[in-house]
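For reference, the structure discussed in these notes is given below.
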Amino acid sequence: YYLLMDWHSVVYNWEVWRLLTGIFFERPSLMGILIFVMFTRWVHILEETYGHRTHDAAFMLFCIIVSFDLWTYILPLGMVGGWYMQLFVYYQLSRLMPDMIANLFVFNVKMEYFVWIMATIFLIDRGMAFWFLIPTSIGTSHLYYFLYHMYPEMSGTNWMSAPGWFVTA
């Protein structure tokens, strides 16, 4: 539990690494391990959609971590950081490549439905006690998609591209 996002430990015990590691914490289970192995493949595919803009993909991961930390201040999401990150990435892929076929073990599913199937698997794996993870992760991902892809087309200003300090770091 040294990776778990816990605001009390961050503030009072100065365990600031929890701000970064909480997103990767996942309660050990066979389903969680299988899903996380499959998730690493999808992260690679999402990174390829950014092309030569690797810094934007890294900045997206930074935004995922910051949004998760902010949500854990309000809601008890500390035990499901890995699922938060996965649903965020799956939603991005479902918007960027909706017709892509996702292989879910033995089933082939269109990517636009994949995020909702994974949300259902999450509820089966964790139970209804963590139902609020789905609207928080997908809602935050939708906001990110809007600010990174849709808003720049409408206004010409991209607020979500990686800032200069992030690119040069």
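Residue numbers run from 1 in the order of the sequence given. Atoms considered below: every heavy atom in the structure, side chains included; atoms not considered: hydrogens, waters and symmetry mates. What you are looking at is a predicted structure, and each value in this text was computed from that prediction instead of being measured.
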So [Y] and [X], do their side chains get closer than 4.5 Å, heavy atoms only?
X: Gln92; Y: Tyr148; value: no
X: Tyr90; Y: Ser94; value: no
X: His149; Y: Leu96; value: yes
X: Gln86; Y: Val89; value: no

Could I get the full list of side-chain contact (heavy atoms from CB on, under 4.5 Å) partners for [X], not counting sequence neighbours?
X: Phe146; result: Met150, Tyr151, Met154
X: Leu147; result: Leu143, Trp159, Met160
X: Thr120; result: Ile124

What distance separates [X] [atom1] from [Y] [atom2], expressed to the nearest 0.5 Å?
X: Tyr144; Y: Tyr91; atom1: OH; atom2: OH; value: 13.5 Å
X: Ile134; Y: Trp116; atom1: CD1; atom2: CH2; value: 8.0 Å
X: Leu133; Y: Trp131; atom1: CG; atom2: CH2; value: 10.5 Å
X: Phe132; Y: Leu75; atom1: CZ; atom2: CG; value: 5.5 Å
X: Leu87; Y: Thr140; atom1: CG; atom2: OG1; value: 11.0 Å
X: Leu123; Y: Met118; atom1: CG; atom2: CE; value: 11.5 Å

Quiz prompt | Residues which pass side-chain hydrogen bond (donor to acceptor under 3.5 Å, both in side chains) with Ser67, listed by chain and number, not counting sequence neighbours | solution =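 For Ser67, the residues satisfying side-chain hydrogen bond (donor to acceptor under 3.5 Å, both in side chains) (neighbours in sequence not counted) are Tyr84.
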
Review item, side-chain donor-acceptor pairs of residues 106-115, under 3.5 Å, at least two apart:
from: Lys110; atom 1: NZ; to: Asp99; atom 2: OD1; distance (Å): 3.2
from: Lys110; atom 1: NZ; to: Glu112; atom 2: OE2; distance (Å): 3.4

Practice problem: Group every Ile, Leu, Val, Met, Phe, Trp and Tyr by side-chain heavy-atom contacts under 4.5 Å, then state whether Trp14 and Val10 land in the same group. | Solution: no

Quiz item: Backbone N or O of Pro152 within a donor-acceptor pair of the Ser155 side chain at under 3.5 Å?
Solution: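 No; judged by distance alone, with no hydrogens or angles, the pair does not exist.
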
Quiz item: Is a side-chain N or O of Ser141 found less than 3.5 angstrom from the main chain of Ile138, in a donor-acceptor match?
Solution: no

Quiz prompt | Residues forming a ring pair (Phe, Tyr, Trp, His ring centres under 6.0 Å) with Tyr73, sequence neighbours excluded | solution = Trp7

